[in-house]
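Notes for the one structure printed next.
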Protein chains: 2
Amino acid sequence: MTHPELSSRPRRADARRNYDKLLVAARAAVDTRGRDIILDDIARQAGVAIGTLYNHFPTRQDLFQALFLNEAEELRLRAEELADSPAPLDALITWLRLQLDYGARGRSMGAAVMNMRHADGSPVQRTHAAMHEAGTVLLRRAQATGEVRADVELHRVLRLILGILLANEDAPDPDGAQPMFDIVIAGIRTRDPSQDPPA
Amino acid sequence: MTHPELSSRPRRADARRNYDKLLVAARAAVDTRGRDIILDDIARQAGVAIGTLYNHFPTRQDLFQALFLNEAEELRLRAEELADSPAPLDALITWLRLQLDYGARGRSMGAAVMNMRHADGSPVQRTHAAMHEAGTVLLRRAQATGEVRADVELHRVLRLILGILLANEDAPDPDGAQPMFDIVIAGIRTRDPSQDPPA
DNA sequence: ACCTGAACACCGTTCAAGT
DNA sequence: ACCTGAACACCGTTCAAGT
């Protein structure tokens with residue numbers, strides 16, 4: 001479930017149990033309340049004292065980071081699976097769609113965390129970099145066919161997807177993400193259809 | 001400065017002074033702290049008691065709405081000025097760029113407020129509707145030339161621009177808005193350049 | 001018709017004492 | 001090496017008393 005080499009999961013058995021219970025409770029809290037989680041509630045839900053929460057996660061960021069490491073790892077894996085698809089453009093779009101879906105589950109907190117600056121060599125930074133590299137492969141392949149513009153940079157597209165998630169959170173129309181996603185996809189494709197391969 | 005017919009600006013002179021001082025202080029607070037304004041600070045900065053702030057603005061939303069009515073009015077005016085431009089696509093892009101610039105000034109709170117659902121007939125709702133209609137004229141004109149896709153809806157484009165603003169707030173690269181904006185513009189244009197008018 | 005500020009509630013964060 | 005929870009700080013919100 002968690003990644004021993006990346007997270008700072010404690011060694012002592014009871015501490016590890018508390019750590020895991022906190023993550024489960026925090027994940028549930030984020031799914032319902034987004035960024036406005038109440039730390040006291042999470043600790044109570046996990047059955048530990050508030051000090052224990054602070055012990056494992058000194059800052060709010062530490063908690064969020066631990067929560068979404070797995071998500072980023074999963075997205076890296078999905079990118080690697082898609083990397084030998086015979087249809088590079090479809091593979092890229094599929095993966096970007098996954099970014100949108102994952103983000104919607106965690107109330108966009110995962111994408112938001114990955115969008116921030118992180119200390120070099122830190123678990124988040126390395127996990128993010130790995131996901132980013134795997135996604136870049138998909139992008140380069142789609143660019144090689146001439147279907148996606150050569151000047152497109154992955155981090156801008158991912159940030160646009162984060163923007164779609166954020167802008168739809170308090171929106172009157174909660175199903176607005178898909179058409180916005182379609183505009184972004186259209187925006188990274190080459191304008192001249194003659195560059196597309198034969199259908 | 002404020003719109004008598006739209007805002008609920010008080011009639012009594014002293015109350016009106018307090019109301020205005022609160023708006024000035026609130027605007028400064030939003031510019032620096034974004035959505036995380038501290039109501040106590042605003043009241044102190046305005047030189048009134050906290051109860052007076054609540055008196056004029058029962059909820060946080062009321063305060064934000066009062067703050068950004070003028071901004072939406074200005075954007076409506078700009079759209080009307082651009083409506084008889086000889087270059088419809090440029091006019092639309094110019095106006096969308098203004099949306100981005102205005103949003104960046106108020107830490108995206110203005111765009112966020114306008115993106116929410118409002119009670120029919122309320123000042124915000126009417127101001128937003130007026131801005132939206134004026135912008136729709138620009139969009140329709142650009143669609144009539146065949147440069148912008150016919151299925152594009154203005155509120156989705158505006159929400160994408162809000163997304164750009166939100167996603168760049170905690171971003172490592174604060175100048176990332178422009179290239180993201182360019183992708184969105186490319187995404188609403190027709191793919192086949194033959195539909196564009198001669199350059 | 002509006003202003004004031006004390007009072008209360010809620011949540012975040014620390015830290016001395018414990019195992 | 002970790003857990004506990006009381007203690008404190010901070011901020012939001014209400015409301016009785018005032019002008």
Side-chain angles (χ1 to χ4, degrees), chain A residues 2 4-5 7-67 107 109 112-113 116 123 170, chain B residues 2 4 7-67 107 109 112-113 116 170:
Chain A
T2 37
E5 77 281 12
S7 62
S8 48
R9 200 150 164 267
R11 295 165 226 75
R12 232 172 69 179
D14 58 337
R16 210 160 50 217
R17 269 195 307 273
N18 287 338
Y19 182 93
D20 290 342
K21 281 191 291 182
L22 281 167
L23 277 189
V24 170
R27 180 65 209 216
V30 165
D31 284 343
T32 55
R33 313 215 4 140
R35 77 172 94 259
D36 301 332
I37 51 171
I38 298 170
L39 299 184
D40 223 359
D41 288 352
I42 292 175
R44 195 178 311 113
Q45 188 69 26
V48 303
I50 182 63
T52 301
L53 191 154
Y54 276 90
N55 194 26
H56 288 298
F57 309 103
T59 74
R60 201 168 273 252
Q61 272 308 310
D62 293 320
L63 179 56
F64 284 135
Q65 288 177 11
L67 271 182
R107 301 295 237 82
M109 283 306 303
V113 166
M116 296 169 183
D170 311 298
Chain B
T2 36
S7 63
S8 48
R9 201 150 163 268
R11 295 165 227 72
R12 233 174 66 178
D14 58 337
R16 211 161 49 218
R17 271 195 305 274
N18 286 338
Y19 182 93
D20 290 342
K21 281 191 291 181
L22 280 166
L23 279 190
V24 169
R27 179 65 209 219
V30 166
D31 284 343
T32 55
R33 313 213 7 136
R35 78 173 93 259
D36 301 331
I37 51 171
I38 298 169
L39 299 185
D40 224 0
D41 288 352
I42 293 176
R44 196 177 309 115
Q45 188 69 28
V48 303
I50 182 65
T52 301
L53 191 154
Y54 276 90
N55 194 24
H56 287 298
F57 309 103
T59 75
R60 200 168 274 254
Q61 271 308 309
D62 293 319
L63 179 57
F64 284 135
Q65 288 177 11
L67 270 183
R107 303 292 237 84
M109 283 307 302
V113 167
M116 295 169 183
D170 311 298

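Below, chain A is the first sequence line, B the second, and so on; all start at residue 1. Not measured: the values here are computed from a predicted model.
Rounding to whole angstrom units, CD of residue A:Q45 and P of C:dC11 are separated by 15 Å. The interatomic distance linking B:D62 (CG) with D:dG12 (P) rounds to 16 Å, in whole Å. The nearest whole Å value for the distance from the CZ atom in B:R16 to the C1' atom in C:dA1 is 13 Å. For A:F57 and C:dT13, the CZ to P distance is 15 Å, given to the nearest whole Å. The interatomic distance linking A:L53 (CG) with D:dT4 (C1') rounds to 13 Å, in whole Å. Spacing between atom OH of A:Y19 and atom C1' of D:dA1 amounts to 16 Å, rounded to whole angstrom units. The CZ-C1' distance, from A:R9 to D:dA1, rounds to 16 Å in whole Å. Distance B:L22 CG to C:dC2 P: 13 Å, rounded to the nearest Å.
Taking the charged nitrogens against the carboxylate oxygens, A:R9 and A:D20 do have a contact shorter than 4.0 Å, which makes a salt bridge.
Applying the side chain to side chain donor-acceptor pair (under 3.5 Å) test between B:D14 and each of B:R17, B:R16, B:R12 identifies B:R12 as the sole match.
In this structure, the side chains of A:I42 and A:I50 stay at 4.5 Å or more apart for every pair of heavy atoms. A:Q61 has its side chain within reach of A:M116: a pair of non-hydrogen atoms, C-beta onward, lies under 4.5 Å apart. Between B:H56 and B:L63, every side-chain heavy-atom pair lies at or beyond the 4.5 Å cut-off. With a 4.5 Å cut-off on side-chain heavy atoms, A:L23 and A:R27 do not count as touching. Between A:Q65 and A:P123, every side-chain heavy-atom pair lies at or beyond the 4.5 Å cut-off.
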Apply side chain to side chain contact (heavy atoms under 4.5 Å, CB included) to B:R35 and B:M109, showing your working.
CA-CA 7 Å; B:R35 78 173 93 259; B:M109 283 307 302; 3.6 Å; yes
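Look at B:R60 and you'll find a side-chain N or O under 4.0 angstrom from OP1 or OP2 of D:dG12. Taking side-chain N and O atoms only, B:N55 has a distance below 4.0 Å to OP1 or OP2 of C:dC3.
In this structure, B:L67 CG and B:D62 CG are separated by 11.0 Å, a value rounded to the nearest 0.5 Å. Rounding to the nearest 0.5 Å gives a distance of 4.5 Å between CG of B:L39 and CZ of B:R60.
Across residues 35-44 of chain A, not one residue has a non-hydrogen atom less than 4.0 Å from an atom of DNA chain D.
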Dot-bracket, 5' to 3', for DNA chain D please: Watson-Crick or G-U pairs under 3.5 Å, [ ] where pairs cross earlier ones, | where the partner sits on another strand, dots elsewhere.
||.|||||...|||||.||
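Taking the centre of each ring, B:F64 and B:F57 stay at or above the 6.0 Å mark.
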Its contact letters, B for base, S for sugar-phosphate only and - for none at protein heavy atoms under 4.0 Å, make nucleotides 14-19 of chain D read B-----
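Among the nucleotides C:dC2, C:dC3, D:dC3, the one closest to the side chain of B:T52 is C:dC3.
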